[in-house]
Amino acid sequence: MRKLIALVLTLCMVLSLCSFASAEGTTYNMPEMNTTDEFTLSIMTWDDFEMTEALAAAFMEIYPNITVEVLRSTTGTIAGDVLNMAANNAMPDVFFFLDLTTMIGNPLMADITEYIENDEEAQTKLYPTLRRMGYVDGKRCYFMAGEFLPATVYLDANVFEALNVDLPGQDWTWDQFVEMTETMTDPSQNIWAYFNGMYAPVTSGPAALTPNAMGEFGWNGSSYNFEGGWVEAVELQLENVRLGNTCVADSDAYMALHPDLEWPGQTGHVAIVTDAFWTLNNIYTKPISTDRGIKMIPYNPPLGVETGGQLAFLDCVAVSSQSEHPREAYELMKYLCWGKDGWLKRCELFPTITWEGTDTKAYDVPNCLPMIEDDEVRAAVAGLLPDLGYWNDWDAFLSNIKNPITWGARVIPGFQAFVDFGYHGQDYNGVVGIENAVREGVADPNDYVDILADLGQQYYKEAMDAFYAVYGTAE
């Protein structure tokens, strides 16, 4: 009898705890998957076909009623391919894209708000900035991050040693970055402090220095903030070029060393290179660097404020507005792109994938990184990343990816038109382009923070008018 009473009391305690957790926590009401009817889902992408097909096969093992077809495209043709397929009512269920303008000017994307907001993993595991992606009108979500690579900063350990400067920690700050770009030039050793590989301070700085930035120029989801670091970044960028702290590949000083115009980031003459994660695989683990003894250490873009953004290469992915199975398409998108289960499977596959028709291993270094905060995934990925010999602290690197944000054209309505015709294409006191005008001394950047924000807002409004005409307004 006492055992029965104890069992009842234990059951009551468990039920009480479950009720308390339910009352205190968020309730997620994710629609059920269709696991009975047989149907086909398709996904269109422009690269990593071998990995995508292997992951698709794993997805089909989980959901044997679903057949997944991988459609191949290119970065240059995918927008046209999707539009042509839409015209024939034959769109892929899931597709990647790079240019938001095409997406919002045509009825291509399904509203996935119900799914992402009822997906506990999306709401609790995705990096904070990625949870806010895709909300074109601030209310409805139409796309997500599909592939993530940080805009990696490389610090040359040999140069730091030659200049007797300590390397920063992986949690370095924007102020440390600025100081090093201003002080680590030594002409007597043919050393430049800094080289703009794939982006410059004016791109990464405003994100790093603006709280809760979601895009370039301090974009917060509905407006720009040129007061949040743009002035500092553009002045730093121009001044470092003027003073010779930034290596300019066609300058007289550089050509005296390298008349063949070799890429400066692989010469050992630059302390800091802002570039991309894939440069590790393509250059810094290859003989062109290793045979010279170059020791490039990867860092994430530094933060200026705790909730600032870190520039990243984030390809976007959407569910088709024509999909007859949007719930299942969302699950496929999640598994192939960012979900934990898919990423653990991806980590199993990385060492096994070979390029199609060859025995050549496809990934000496993983081609992308996870988008969720999860210790198991981080450990699995860290175990695949290379021991460089001179550095192997991948856990610290992965732990300091806090708030990735991508290039404006991919996520900000009207961004590309604003940059092309307003920021770079408009006349500023007789000089075309605001950065050129600042460099020529005919414009003070402090005088233009409101002007640029207002100009960007005009292009945003025009793009949103087109969006509402196609997608309607939120109820």
Side-chain angles (χ1 to χ4, degrees), residues 30 33 41-60 62-63 66 68-73 75 78 82 92-98 100 103 108-110 112-113 115-135 141-150 277-278 312-320 323 325-350 353 363 366-374 376-378 380-381 398 401 404-406 410-411:
M30 191 68 162
M33 285 279 289
L41 294 175
S42 58
I43 175 170
M44 178 173 278
T45 184
W46 54 68
D47 64 0
D48 300 322
F49 304 125
E50 296 86 353
M51 175 64 82
T52 304
E53 287 166 352
L55 286 171
F59 183 85
M60 288 187 280
I62 300 171
Y63 301 103
I66 302 175
V68 179
E69 182 181 5
V70 178
L71 306 178
R72 301 187 176 196
S73 184
T75 54
I78 195 164
V82 171
D93 294 274
V94 178
F95 59 91
F96 280 80
F97 70 88
L98 291 171
L100 184 60
M103 299 300 109
L108 304 176
M109 303 181 293
I112 58 171
T113 312
Y115 307 134
I116 189 171
E117 292 186 355
N118 283 290
D119 185 340
E120 183 174 4
E121 187 174 359
Q123 295 300 311
T124 61
K125 294 292 188 178
L126 276 170
Y127 293 135
T129 45
L130 304 188
R131 298 175 203 172
R132 305 198 300 271
M133 273 185 68
Y135 283 82
C141 183
Y142 285 92
F143 62 88
M144 301 189 71
E147 188 172 79
F148 164 48
L149 291 163
F277 184 76
W278 58 79
F313 295 85
L314 285 161
D315 299 332
C316 299
V317 65
V319 171
S320 165
S323 177
H325 305 279
R327 166 66 184 93
E328 292 72 29
Y330 172 88
E331 200 67 24
L332 174 65
M333 178 174 70
K334 173 181 175 179
Y335 189 84
L336 295 183
C337 296
W338 61 266
K340 178 176 180 177
D341 292 342
W343 255 94
L344 291 177
K345 173 57 69 173
R346 186 185 289 262
C347 288
E348 289 180 24
L349 293 169
F350 269 131
I353 300 292
Y363 305 107
N367 69 313
C368 58
L369 295 180
M371 294 179 265
I372 59 172
E373 300 179 80
D374 184 272
E376 187 178 1
V377 171
R378 185 169 72 240
V381 175
L398 294 171
I401 299 171
I405 65 170
T406 193
R410 302 181 186 185
V411 293

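As a basis for the values below, the full set of heavy atoms in this structure was taken, side chains included, without hydrogen atoms, waters or symmetry mates.
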Colleague: Of the options Glu120, Glu376, Glu121, which is the one that meets Lys340 in a salt bridge (charged side-chain N to carboxylate O under 4.0 Å, His left out)?
Modeller: Glu376

Colleague: Can you check whether Trp338 and Phe148 have ring centres sitting under 6.0 Å from each other?
Modeller: no

Colleague: How about Met144 and Leu126: do any of their side-chain heavy atoms sit closer than 4.5 Å?
Modeller: yes

Colleague: Closer than 3.5 angstrom, by distance alone: can the side chain of Asp374 be matched with the main-chain N or O of Val377 as a donor-acceptor pair?
Modeller: yes

Colleague: Show the nearest heavy-atom pair for residues Arg346 and Asn367, with the distance to one decimal.
Modeller: NH1-OD1, 4.4 Å

Colleague: Nearest heavy-atom pair of Ala329 and Ser323: which atoms, and what distance?
Modeller: CB-OG, 4.0 Å

Colleague: Measure the spacing between CE of Met133 and CE of Met371 and express it to the nearest 0.5 Å.
Modeller: 9.0 Å

Colleague: For the pair Arg327 and Met30, evaluate side chain to side chain contact (heavy atoms under 4.5 Å, CB included) and give the outcome as yes or no after the intermediate values.
Modeller: CA-CA 9 Å; Arg327 166 66 184 93; Met30 191 68 162; 3.6 Å; yes

Colleague: I need the minimum non-hydrogen distance between Asp315 and Phe96, along with the two atoms involved.
Modeller: CB-CD2, 4.1 Å

Colleague: What is the distance from atom CE of Met51 to atom CD1 of Ile353, rounded to the nearest 0.5 Å?
Modeller: 5.0 Å

Colleague: Between Leu41 and Val94, is any pair of side-chain heavy atoms under 4.5 Å apart?
Modeller: no

Colleague: Could you please spell out the steps behind the side chain to side chain contact (heavy atoms under 4.5 Å, CB included) verdict for Cys368 and Trp343?
Modeller: CA-CA 11 Å; Cys368 58; Trp343 255 94; 3.8 Å; yes

Colleague: Which residues pass the ring-ring contact (aromatic ring centres under 6.0 Å, His included) test with Tyr63, sequence neighbours left out?
Modeller: Phe59

Colleague: For Ile116, does its backbone N or O pair with a side-chain atom of Gln123 as donor and acceptor, under 3.5 Å?
Modeller: yes

Colleague: For the NZ atom of Lys345 and the CG atom of Leu55, what is their distance to the nearest 0.5 Å?
Modeller: 8.5 Å

Colleague: Are Val381 and Cys347 close enough that some pair of their side-chain heavy atoms sits under 4.5 Å apart?
Modeller: yes

Colleague: If every non-hydrogen atom of Ile401 is compared with every non-hydrogen atom of Tyr127, which pair is closest and at what distance?
Modeller: O-CE2, 3.6 Å

Colleague: Going from NZ on Lys334 to CD1 on Ile112, what distance comes out if it is rounded to the nearest 0.5 angstrom?
Modeller: 12.0 Å

Colleague: In chain order, what residues pass the ring-ring contact (aromatic ring centres under 6.0 Å, His included) check against Phe97, with sequence neighbours excluded?
Modeller: Phe143

Colleague: Does a side-chain heavy-atom distance below 4.5 Å link Met44 with Ser320?
Modeller: no

Colleague: Among all residues two or more places apart in sequence or in another chain, which pass the ring-ring contact (aromatic ring centres under 6.0 Å, His included) test with Tyr142?
Modeller: Phe467, Tyr471

Colleague: Considering non-hydrogen atoms only, spot the tightest contact between Glu69 and Leu71 and give its length.
Modeller: OE2-CD2, 3.4 Å

Colleague: Please tell me if the side chains of Val319 and Phe95 come closer than 4.5 Å, counting only heavy atoms from C-beta onward.
Modeller: no

Colleague: Any chance you could measure Thr52, atom OG1, to Trp46, atom CH2, to the nearest 0.5 Å?
Modeller: 11.0 Å

Colleague: Taking C-beta and beyond as the side chain, do Glu147 and Asp48 meet within less than 4.5 Å on heavy atoms?
Modeller: yes

Colleague: Is any side-chain heavy atom of Phe313 closer than 4.5 Å to one of Thr406?
Modeller: no

Colleague: Under 3.5 Å, is there a donor-acceptor pair between the Tyr330 and Asp93 side chains?
Modeller: no

Colleague: Any sub-3.5 Å donor-acceptor pair from Arg131's side-chain atoms to Thr124's backbone N or O?
Modeller: yes

Colleague: Report yes or no: does Arg410 contribute a side-chain atom to a donor-acceptor pair with the main-chain N or O of Leu314 at less than 3.5 Å?
Modeller: yes

Colleague: Please give me the minimum heavy-atom distance between Ala312 and Pro404, naming the atom from each residue.
Modeller: CB-CB, 3.9 Å

Colleague: Quick one: does any side-chain atom of Ser73 pair with a main-chain N or O of Thr45 as donor and acceptor, under 3.5 Å?
Modeller: no

Colleague: Quick one: CG on Asp47 to CZ on Arg72, what's the gap to the nearest 0.5 Å?
Modeller: 11.0 Å

